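Remember, predicted model here, so these are calculated numbers, not experimental data. We use all heavy atoms of the structure for the numbers below, so side chains are in, but hydrogens, waters and symmetry mates are not.
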Amino acid sequence: MANVKLDRLDKQILKMIADDARVPFLEVARACDVSGAAIHQRIQKLTNAGILKGSQFIVDPEKVGYETCAFIGLNLKNPESFDEVVEKLKELPEVVECHYTTGNYDLFIKIYALNNHHLLNIIHDKLQPMGLARSETIISFHSAISRQMPVMDFDV
């Protein structure tokens, strides 16, 4: 997909709503010195272009009982089964991210488990039967940085 050219107003809107998705559009309009209708139109344009992908509340996994966060590199026995394995991964609620990667792994996933025992069960009972040649698990103790990509002023 081609990059959409963002003007100063688009970037200003993106910076404001990235900082606080619940900021009222009228407040954004005042800060940008444009009408509320102009903000609504720009937000719609940014959404239609796929730059904005909805809004959501972020649930803290640890606060609802998921004490273990792990990243797992997966190597498939049969690399042609990528699509099938990804569809199976989508069925596991503990899998929150899945990436096709270069390097040592065919796929790289991020999962949340209730504890280390639950993590072991996920790997042994749910992941291994998907046709893995091997996997490597890295447990995260704590996320030091977690943020959205900043909207910056640069031309590439």
Can you name the nearest heavy-atom pair linking Lys53 to Gly50, along with the distance? CE-O, 3.4 Å
May I ask you to test the Phe71-Lys110 pair for a side-chain heavy-atom distance under 4.5 Å? yes
Other residues, nucleotides, ligands: >12 heavy atoms within 6.0 Å of Tyr100 OH: yes
CD1 of Ile43 to OG1 of Thr47, rounded to nearest 0.5 Å, is 6.5 Å
Nearest 0.5 Å please: distance from the CD atom of Glu62 over to the SG atom of Cys69. 10.0 Å
Please round to the nearest 0.5 Å and tell me the distance separating atom CD of Glu27 and atom CZ of Arg22. 13.0 Å
Test of understanding: clusters of I, L, V, M, F, W, Y form through side-chain heavy atoms closer than 4.5 Å, transitively. Do Leu132 and Tyr105 belong to the same one? no
Is Ile123 reachable from Tyr66 through a run of hydrophobic residues whose side-chain heavy atoms are each under 4.5 Å from the next? no
Do Ile138 and Leu127 belong together in a cluster built from hydrophobic side chains that touch within less than 4.5 Å? no
Phe108 atom CZ, neighbour heavy-atom count above 12 within 6.0 Å: yes
Same apolar cluster (I L V M F W Y, side chains within < 4.5 Å links), Leu114/Ile139: no
For Glu97, does the CD atom have more than 12 heavy-atom neighbours from other residues, nucleotides or ligands under 6.0 Å away? yes
Looking only at heavy atoms, what is the nearest atom pair of Asp10 and Lys45, with distance? OD2-NZ, 2.8 Å
Nearest 0.5 Å, please: how far is CG in Asp106 from CZ in Arg134? 9.5 Å
In a check of side chain to side chain contact (heavy atoms under 4.5 Å, CB included) between Ile122 and each of Ile72, Ile111, Thr68, which one passes? Ile111
Do Leu119 and Met130 share a hydrophobic cluster (ILVMFWY, side-chain heavy atoms under 4.5 Å, transitive)? yes
Among Leu89, Leu92, Thr137, find the one that has a side chain to side chain contact (heavy atoms under 4.5 Å, CB included) with Ile109. Leu89
Donor-acceptor pair, Gln12 side chain versus Ala31 backbone, under 3.5 Å? yes
Could you walk me through whether Ser35 and His40 pass the side chain to side chain contact (heavy atoms under 4.5 Å, CB included) check? CA-CA 9 Å; Ser35 71; His40 280 278; over 6 Å; no
Could you tell me whether Asp7 atom CG has more than 12 heavy atoms of other residues or ligands within 6.0 Å of it? yes
Under 4.5 Å between any side-chain heavy atoms of Val95 and Lys90, yes or no? no
Once rounded to the nearest 0.5 Å, what's the spacing between atom NZ of Lys11 and atom CG of Leu46? 12.0 Å
Any donor and acceptor pair, going by atom type alone, linking the side chain of Asn115 with main-chain N or O of Glu67 inside 3.5 Å? no
Could you pull out the closest heavy-atom pair between Ala113 and His118, with the gap in Å? CA-ND1, 3.4 Å
Taking Glu84's backbone N and O only, do any of them form a donor-acceptor pair with Ser81's side chain (distance below 3.5 Å, no angle check)? no
If I take atom CG from residue Leu26 and atom CD1 from residue Ile39, how far apart are they, to the nearest 0.5 angstrom? 9.5 Å
